[in-house]
Every structure is written in structure tokens, then in C-alpha cells.
Amino acid sequence: MATQKPVEWVSTLITRFEDQLPCRAGPQTTHSRINEEQNQACLIQISRHKFSLVISGLTKILQRVNETYISVNSVPRPHGADIERNCYESLLIVLDTLEQCLSNLPKDTAKFDEAMNVKLLLRELCQFIDSNENPNAVQLKNLATKVLFALSLNFFNAVFNRISARLQELSTCSDENPDYTDIELIQYINVDVLKLTKLMNETILKFRLLKKSVHQVLIVSLERAIWNWLDTYPDEFADVQQKSNEELAKCADCLFDLLDQVSDTKKCRASAWPLQIMLLLLSPKVFEEIVTSDGGTPCSPRHSKKKQFIDTVKRSIGPHTSSKQLTEAAAVTCVKLCKAVSYINTNTANVAFTLVQTIITDLKNLLFNPAKPFPRGQNFVYHDIDLMVDCFVSCFRLKPQNNEALKVCLNPNVQYIYHYILVTSLYRIITQPRLHWWPQIDIIYCKSSELRSMFTDTLNKVAQGFISHTPLRMIQSLTLKSKESVPKFKERNEEIPGYRALLLWMVRLIHADPMLMLNNQGKAGHEIQSSTLELINGLVSLVHQPTMPDIAHEAMEALLVLHQPEKIEVWNPEAPINTFWDVSSQVLFSISQKLIQHQIVNYTDILKWLREILVCRNEFLSHHKDYANVGSHIAICKQAHIKLEVVFFMYLWSIDIEAVLIAMSCFCLLCEEADIRCTTEEVTVTTLLPNYHLYQDLAQASTILTTACGDSRLYYRDHNHGRAALQKRIMTLLRRIEHCVNGVQPAWEETFRNWEVLTKMKLSLKNRDSILTMKEGDTIKYLGCTFSGELQFNEDSVTKLNMNLDKLVTSCLLKPEQIVNQYVFPGLTYPLQTAPLTKLRPEILDGIDTVIRRSVKAITGLPANTSTAMLYAPRRYEGLGLIRCRGRLPYNTGPLLRGSQMYPMLCSSPLSIVQLRSLNVPIDWALIRGIRV
């Protein structure tokens with residue numbers, strides 16, 4: 001169908017993609033998430049060939065979901081929170097799919113019909129960009145801007161035409177509060193030097209006709225567009241500095257003059273100065289003429305206003321300025337200057353470096369002065385933080401060996417906001433794509449001890465009240481306080497980033513580059529090991545924090561990076577193997593203990609993470625195979641191994657089939673570790689792992705199960721009997737356990753303990769009802785069977801039998817054998833067949849036979865001493881042919897019946913063949929082939 005009817009096939013795929021969104025199918029499960037990811041991957045691949053069909057379909061889906069989301073938010077309704085969440089997650093999925101489709105589209109492949117679809121998409125995206133400060137709206141806006149950035153790469157003209165049309169409308173608009181959304185698109189589009197020039201030309205044409213309110217929006221948007229250009233195409237900016245682009249320089253010169261004319265107040269200057277300094281850098285010849293004029297070189301009168309601008313900025317950044325507004329504007333302008341200059345190769349003789357040297361000292365004194373903080377007020381908290389981060393990063397790149405800001409931020413006695421700025425700055429230095437002249441982060445490695453102390457102090461402050469007197473290196477777990485309220489969907493930002501935000505960024509920093517915390521040059525081995533253990537235990541304590549999932553996730557990633565073989569080597573270079581067994585075993589012990597106690601909600605993710613940790617451990621051990629057992633004799637190592645086995649055994653009973661398969665696969669890694677450590681004949685795999693072969697079979701079973709249907713992990717989910725078949729296979733393998741050592745016995749004990757706990761709980765239903773579980777001694781009746789801890793024989797049936805016989809004794813309408821065989825005994829058949837044989841005491845069966853014989857004799861008028869044999873003899877032998885309850889089945893003593901003896905016993909007894917099987921009675925099936933089991 002895909003080759004013969006591509007349009008129908010793509011339409012079907014888009015329909016299925018929409019049907020599996022949370023707004024249609026409900027909250028996502030692991031299964032539905034995998035299906036959604038598969039559909040998304042298919043759409044992204046197909047979009048390269050059928051772009052118009054895919055984009056058109058996704059745009060319509062986006063429109064429908066957004067309409068539902070808006071209606072749910074505007075009108076309260078039952079279960080509105082669930083619907084809102086589902087719509088919100090659906091929007092995220094659709095926007096992410098759009099962004100990837102647009103990013104994978106080959107450049108310059110736009111066609112007319114595709115451009116028409118892009119216009120419709122653009123209209124929908126604008127709704128997300130014009131959003132409020134709601135955390136969900138901010139997240140949607142960020143994702144929508146990514147879609148717009150990818151869109152503008154191939155469809156710039158469509159975006160540009162929308163911006164140009166809006167500028168034209170605003171030039172003649174008389175509204176007091178017009179819509180600026182289309183102008184703000186400038187901030188988020190992908191522009192190269194040609195597109196930037198086109199934007200600036202359009203702005204120059206319309207600038208004089210626009211109101212001042214529009215000027216403010218346009219100024220901010222153009223500055224952001226220039227920064228997008230620098231970040232996306234830094235080579236083009238470097239080329240402009242080497243060889244001036246005349247058209248770009250002309251636009252920059254003209255736009256600078258326009259801004260200078262409208263900046264008639266201090267407020268206007270504050271917003272215009274950052275853009276003006278960027279425009280000067282786009283005219284390198286003019287900029288050189290202005291800067292060198294301070295040394296006596298004449299400056300052209302045509303550029304006098306530009307020189308005056310530079311002089312004003314330099315005066316305003318100094319300590320003797322009288323205007324607070326100008327000082328703040330100058331600080332922002334100088335930071336933008338330093339940041340832009342850092343994009344210029346330091347090996348070139350550019351006069352911009354000379355200007356930076358004249359202002360950088362005053363700038364750092366203004367921004368990094370704990371005695372006189374710079375912040376401009378509550379409304380500018382995040383703007384000021386971003387400004388200081390930009391300044392720190394720029395100073396590091398321009399003067400890496402002489403960074404006074406680093407000393408200020410490392411001081412443990414300054415306000416924590418300086419620590420936050422330091423950590424986020426270092427994270428940006430590490431993660432931002434690096435230009436070849438920028439210094440490496442390893443310059444900061446010498447500050448590892450200060451950074452570790454900052455991490456420990458921050459962690460203790462977040463956990464205050466719980467570990468106030470316990471050294472961090474001693475703890476195995478801790479519960480962290482969280483003062484922030486639980487968000488609706490996503491965590492709300494504080495007005496000022498707190499210690500929790502600082503902790504999150506510190507963990508991200510460890511994840512990005514662990515060496516910032518691991519460097520211990522010049523210290524003794526035991527000190528290095530102690531500091532490593534303190535760091536890793538701190539991260540472990542964050543893994544199982546349900547109130548801080550973002551920090552917990554980053555801590556897991558950081559620990560995984562720390563377990564990479566090359567990182568383990570620096571845990572303690574003097575004794576890497578010994579330190580490995582000590583530190584890593586404590587990690588495994590702590591996490592395993594939390595899993596055993598069911599204190600981790602996302603246990604499937606933790607099991608996946610544990611599997612990755614074990615892979616890293618085995619890789620490290622394989623590099624040191626000759627002495628892999630050195631230091632492994634310590635108690636914590638043995639305890640951790642036992643706890644691991646207990647975890648993997650216990651989670652074989654998980655309700656999440658993925659967790660079961662992960663636990664099964666982890667046994668293979670235990671076997672692999674044993675293989676690596678068996679270096680001599682004295683140490684065999686069965687010595688280290690007595691159930692080695694069984695563990696291999698368990699791991700192999702997980703491989704077979706996950707690949708049983710085209711390497712699909714969904715095989716057992718889709719199969720009706722998959723879960724039962726999986727558990728049956730597991731039970732078959734576990735029955736083969738021969739050595740009840742290490743984690744086997746504790747696993748069974750823990751499983752039994754959990755079973756006891758669960759049997760005392762109650763199951764809560766959505767309608768607030770609850771189902772109580774049976775307790776010891778409770779008796780219930782289900783499907784006609786009596787349960788009291790186990791199946792019982794329902795003795796009420798005997799009482800009922802007596803009552804029925806008393807009524808039938810007086811009846812003269814039925815023959816005795818009819819009374820007993822057709823009306824009395826059928827009521828006993830089911831209770832007798834379902835009761836365990838151990839519960840059918842001989843005295844009960846004998847009592848039933850006695851009651852029946854007495855009743856029959858009363859009905860027929862036979863003497864009380866009539867022979868019992870005559871009552872049970874077949875009618876062809878002149879007997880009554882009654883059924884005998886006891887029959888001739890031996891319960892405790894007597895030989896088992898075989899062959900021809902078995903047939904009459906089965907014919908005359910209501911006991912089932914299943915019961916006979918449970919007694920291991922040999923059955924000659926050739927004689928009883930016609931009997932139903």
C-alpha cells in the first residue's frame with residue numbers, strides 16, 4: 001500500500017498518530033508511549049519525501065488539539081485537570097514532531113504547495129508565542145519557537161512576509177495596544193547574514209512610521225535576531241570582522257542613526273544601547289575608526305555621534321556616574337560587548353579587544369561586588385542573573401587566567417545567588433558548542449575541592465533538619481525537604497532561584513563534566529577516596545526523591561557518567577580497584593535497599609539504570625581482569641551483591657512486564673562479572689555465583705521473550721496469555737535452584753513478608769469504595785466453595801442433606817434409588833469434588849452413607865438389620881444400586897487399586913479423577929477412556 005497508494009498510507013499513519021495521542025487515548029502507558037514514538041519516527045522519515053502531506057496533517061492535528069486545550073482551560077468541567085493534562089502532553093508531542101520533521105527537511109527544497117501549508121502552520125504557532133506566564137504556556141512557547149526556528153530555515157520568505165505585513169499594518173495603526181506577536185517572530189527565526197540584512201533593510205524602511213511602543217518591541221527583537229545569527233553562524237561573524245560586508249555595514253550604520261534619533265530619554269537609551277553596540281560591531285571599519293581615535297587618530301565628523309555613544313557608555317560604567325539608569329544600561333551594553341567580542345578570534349588584531357580592556361574591570365566591579373549587589377529589583381531577577389552569567393562566561397573566554405569573578409563566586413560566605421551564577425556559567429561553558437579559540441574547562445579543575453564543598457553544603461541545606469549532625473559520607477539515604485508547593489503539571493519557578501534550584505544545576509554540572517568534582521591533585525589516596533565517596537553518596541541520596549524528580553533524574557545520569565571506566569580510574573588513582581569495590585558497592589547497596597523496601601516509585605527506570613551501572617562496572621573490571629578480585633573481600637561488597645540478587649528475584653513478580661524482563665536480563669550481568677573475576681583455578685564461577693547456570697538460563701529466557709516477535713518488547717503485552725506464559729517460564733526455572741545461598745533465601749523471605757503485608761491492605765477503587773483483603777481466619781464462599789485460608793469441605797452440605805432426606809422420607813412418589821441417586825447425591829457431588837482430599841475425613845463420608853442407608857430403609861420399610869451389601873448391589877443382582885459416598889477409595893492405608901478394580905470405583909464414587917491424580921493414584925486410561933475428566 002505504501003508504494004501503490006502513498007497518499008492513503010500517509011493519511012492512515014497520521015490518523016493513527018492522532019488516535020494514540022493522550023487527548024484521544026488517555027494517559028500514556030509504556031506501551032502507548034513506544035507506539036507513539038514509532039509513529040513519530042515514521043512520520044519524520046516520510047516527511048522527507050511527502051512533506052506537504054505530513055505537515056498539512058500535523059497542522060490540522062495541532063489546530064484541533066489546541067482548540068480542545070483552550071476550551072478545557074476556559075470552561076470548568078468534571079475531570080478537567082485530567083483532560084487538560086492530556087491535551088497539554090498531546091501538544092508537546094505534536095510540536096516536537098513538527099520540529100523534527102522541519103529539521104530533517106533538506107535545505108532549499110521548498111515548493112509552492114508546501115509554502116501554503118507553512119502559512120497555516122505559522123498562524124497556529126503564533127498562538128503559542130503570544131502566551132502568558134503559566135509554566136505550561138511557557139513550555140509550549142519554548143517548543144513552538146523551536147518549530148519556528150526550524151521552519152524559517154527553508155521557509156524564511158513565508159515568515160518574513162508575515163513580519164513585513166505586520167510592520168506595514170502597525171505603521172498605519174491607531175490602536176493603543178496593538179498585537180506585537182508577528183514582530184516578536186524576529187526573535188526566534190533562523191537568519192544568516194543575507195536574511196539578517198534583509199530584515200534590517202525592512203526595519204529601516206518602516207521605522208520612522210512606527211510608534212515608540214513598536215520601537216521597543218522591534219529593538220529587542222532585532223537584537224535577539226543578531227544573537228541568533230552569532231550562535232548559529234559564528235563563522236559568518238568572524239568573516240565580517242576580517243572582511244567588512246558593505247551591505248550589512250550600511251544597514252547597521254543607518255539603523256544606528258535611527259535609534260540615536262529616537263533615544264531621547266534615559267529609558268529609551270537603556271533599551272537601545274545594547275542593539276547599538278551590536279550594530280557598531282557589524283561595521284568593523286567604523287568601529288575601528290572610533291576606538292583608535294582615543295589615541296589621537298582623527299575621527300570623521302560623520303561618526304561623531306557614534307564616538308559620543310562609546311564615550312557615554314564608558315563614563316556610565318565607571319564608579320563616579322550619577323545616573324542609576326545609565327549605569328544599568330551601560331552594564332547591559334558592556335556585557336553584550338564582551339560577549340560579542342568573545343566570538344572574535346583572539347589571535348586577530350581587532351580593536352574590539354582594546355575597548356573591552358578599558359571597561360572590563362569596572363564592569364566586574366559593578367556586577368560581582370557582594371558588598372553592593374547589582375540586582376535592579378524583583379522584576380529583573382532572572383534578567384540580572386542572565387546578565388551576570390553572560391559576563392562571567394565572557395570574562396572566562398577573554399581572560400581565563402585572570403578571572404576575579406570566579407574568586408568571588410567561590411567564596412562560601414557570599415550570597416548563594418553568586419554560587420548559582422557560577423554553576424550555571426560553568427554549565428554553559430561546558431555545553432555550548434565551542435569555538436576553537438575558547439579556553440577549555442579544565443582550567444577550573446584546580447577548584448574541585450571548593451566546588452565539592454559547595455555541593456555538600458547545598459545538599460545539607462536542602463536537607464536541613466534531617467541530617468543536621470550526620471556527616472554526608474556516613475549516610476546511605478536521606479529524605480529531603482521541599483518547601484515549594486507541588487505544581488499542577490510542572491514545577492513553578494521561584495521568584496528567586498533557591499537552594500533547590502542551585503542543587504539541580506550542581507547535579508547537572510557533575511553530569512556534564514564529573515572531573516570538576518573529581519580532581520584531587522596533590523592529595524593522599526585515602527583523602528581522595530573519602531572525597532569521592534562523599535560526592536557519590538550525596539548523589540545516591542538524591543536518586544530516590546519523589547518530591548524532586550528532576551534532581552533525581554539528573555543524579556542518576558551523573559552517577560552513570562561517574563561509573564564510566566575512565567572516571568572510575570580517578571576515584572582514587574593510587575588504588576583504583578580497591579576504591580571501586582568500596583564506593584560502587586555502597587551505591588548498589590543503597591539503591592537496592594530502597595528497591596527492596598519499595599520506596600522508589602519509578603522502579604522500572606531505576607532497574608534500567610542499575611543495568612547500565614552493571615554494564616559500566618563489568619567494562620571497568622574487564623580492563624583490570626588480572627587483579628579484578630583485589631579488594632572485593634570487604635563486607636559491603638558481599639552485602640551489595642546479595643541485595644542485588646534479592647532485587648532481581650523480587651521484581652520477577654512485578655506487575656510491570658518490562659520490569660520483569662529487565663530483572664531477568666540483569667542476571668546475565670551478574671554472570672558476566674563472575675566470568676571476569678574467575679582468573680585462577682581456585683576461583684570458579686560457581687564459587688562466586690553458585691546458581692551461575694540458572695542465572696544464565698533466566699537471562700537467556702528474557703532474550704527469547706523480548707525477541708519472540710520481530711525483536712519487539714511488546715510481544716508479551718500483545719499476546720493474550722503473555723504474562724501467564726512469562727510467569728510460568730520463570731517458575732519453571734526457579735524450581736531448578738539448587739543452592740539456597742546469597743540472595744535466594746532473603747528474596748523468598750522478603751517476598752513472603754510483602755505478601756503478608758499486602759494481604760492486610762485494602763484495594764481502593766476510583767469511586768472511593770474499597771475491597772478488603774482476607775485476613776487469617778476469615779471465611780468466605782466463592783463459586784460454591786468455602787475458603788478459610790485454603791479450600792475447605794462445606795459441611796453445611798451434610799446438614800442440608802439431612803434436611804432433604806427428612807422431607808423425602810415421607811414421599812411415596814419416588815423410588816428409593818431415584819431419591820438418592822438423582823435428587824440427593826447431585827447436591828453432594830460439587831462440594832465433594834472441589835474439596836481437598838485431606839479435608840474429606842473418612843468419618844464425614846461414613847456419616848453421609850449411614851444417613852442415606854437409614855433413610856432408604858425407612859422409606860422402603862426394610863428392617864434396620866438389613867445387609868448393607870444388598871443396598872449397594874446393582875439392580876441386576878436384585879440390589880437397590882445406591883451410590884456409596886465412601887466407595888472403596890483408600891485414604892490413609894490399603895493398597896492402591898489398579899486395572900479392573902479402578903473402573904467400578906470411579907463409577908460408584910463422585911470423587912473426580914483430578915482428586916485421584918493429586919493422590920498419585922495410577923490410572924489405567926484404556927479402561928476408563930469414556931469417563932469425562
Looking only at heavy atoms, what is the nearest atom pair of [X] and [Y], with distance?
X: R500; Y: T547; result: NH2-O, 3.2 Å
X: F649; Y: G743; result: CD1-O, 4.1 Å
X: P514; Y: V561; result: CG-CG1, 3.2 Å
X: S654; Y: A659; result: OG-CB, 3.7 Å
X: A701; Y: L733; result: CB-CD1, 4.0 Å
X: H641; Y: L670; result: NE2-CD2, 4.3 Å

Got a second to check how far [X]'s [atom1] is from [Y]'s [atom2], nearest 0.5 Å?
X: H544; Y: N602; atom1: NE2; atom2: CG; result: 11.5 Å
X: L426; Y: K447; atom1: CG; atom2: NZ; result: 12.0 Å
X: L661; Y: L607; atom1: CG; atom2: CG; result: 11.5 Å
X: L539; Y: M517; atom1: CG; atom2: CE; result: 8.5 Å
X: L562; Y: L518; atom1: CG; atom2: CG; result: 5.5 Å
X: C668; Y: E673; atom1: SG; atom2: CD; result: 12.0 Å

Using a 3.5 Å distance criterion without hydrogens, assess whether the side chain of [X] forms a donor-acceptor pair with backbone atoms of [Y].
X: N519; Y: Y445; value: yes
X: S592; Y: F589; value: no
X: W581; Y: A628; value: yes
X: H511; Y: V507; value: no
X: S448; Y: L516; value: yes
X: Q545; Y: S541; value: yes
X: N572; Y: I528; value: no
X: T456; Y: R452; value: yes

Close side-chain approach of [X] and [Y], heavy atoms under 4.5 Å:
X: M556; Y: I591; answer: no
X: L726; Y: M664; answer: yes
X: T431; Y: R508; answer: no
X: I600; Y: D605; answer: no
X: V660; Y: W653; answer: no
X: V587; Y: I613; answer: no
X: R611; Y: I662; answer: yes
X: E619; Y: H623; answer: yes

Atom CD of E738 with >12 non-hydrogen neighbours under 6.0 angstrom: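 For E738, atom CD is not crowded (no more than 12 foreign heavy atoms under 6.0 Å).
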Give a yes or no on whether R16 atom CZ has more than 12 heavy-atom contacts from other residues, nucleotides or ligands under 6.0 Å away.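 Counting neighbours around CZ of R16, 12 or fewer heavy atoms of other residues, nucleotides or ligands fall under 6.0 Å, so no.
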Against Y692, only a single residue in D675, T687, T686 fulfils side-chain hydrogen bond (donor to acceptor under 3.5 Å, both in side chains); can you say which?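 Of all the options given, the one that passes is D675.
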Q100 pairs by side-chain hydrogen bond (donor to acceptor under 3.5 Å, both in side chains) with which of T97, N104, D96?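 So the option named by the test is D96.
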Under 3.5 Å side-chain donor-acceptor pair for Q700 and Q696: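 Checked: Q700/Q696 side chains show no N/O donor-acceptor pair below 3.5 Å.
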Between H624 and E569, a side-chain donor and acceptor under 3.5 Å: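 There is such a pair (donor and acceptor under 3.5 Å, judged by atom type) between the side chains of H624 and E569.
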F648 vs L698, side chain to side chain contact (heavy atoms under 4.5 Å, CB included): CA-CA, chis, key distance, verdict: CA-CA 11 Å; F648 299 149; L698 272 170; over 6 Å; no
Are the aromatic rings of W571 and H563 close, with centres under 6.0 Å apart?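 Between W571 and H563, the centre distance is under 6.0 Å.
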Check the pair W748 / V744 against side chain to side chain contact (heavy atoms under 4.5 Å, CB included), numbers first and verdict last. CA-CA 6 Å; W748 286 117; V744 177; 3.8 Å; yes
Does the distance from a Lys or Arg side-chain N to an Asp or Glu carboxylate O, for E36 and R33, drop under 4.0 Å?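 No salt bridge links E36 with R33.
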Return the orientation label for the [X] and [Y] ring planes: parallel under 30°, perpendicular over 60°, tilted otherwise.
X: Y651; Y: H598; result: tilted
X: F580; Y: F620; result: tilted
X: Y695; Y: F667; result: tilted

Checking [X] now: which residues fulfil side chain to side chain contact (heavy atoms under 4.5 Å, CB included) with it, not counting sequence neighbours?
X: N578; value: A575, V630
X: D582; value: Q529, Q586, I634, I636
X: E672; value: N618, L669, I676

Pair L610-L588, side chain to side chain contact (heavy atoms under 4.5 Å, CB included): steps then yes or no: CA-CA 8 Å; L610 263 181; L588 297 180; 3.6 Å; yes
Take H693 and R736 through the side chain to side chain contact (heavy atoms under 4.5 Å, CB included) test and state the conclusion after the steps. CA-CA 10 Å; H693 299 293; R736 291 167 44 196; 5.9 Å; no
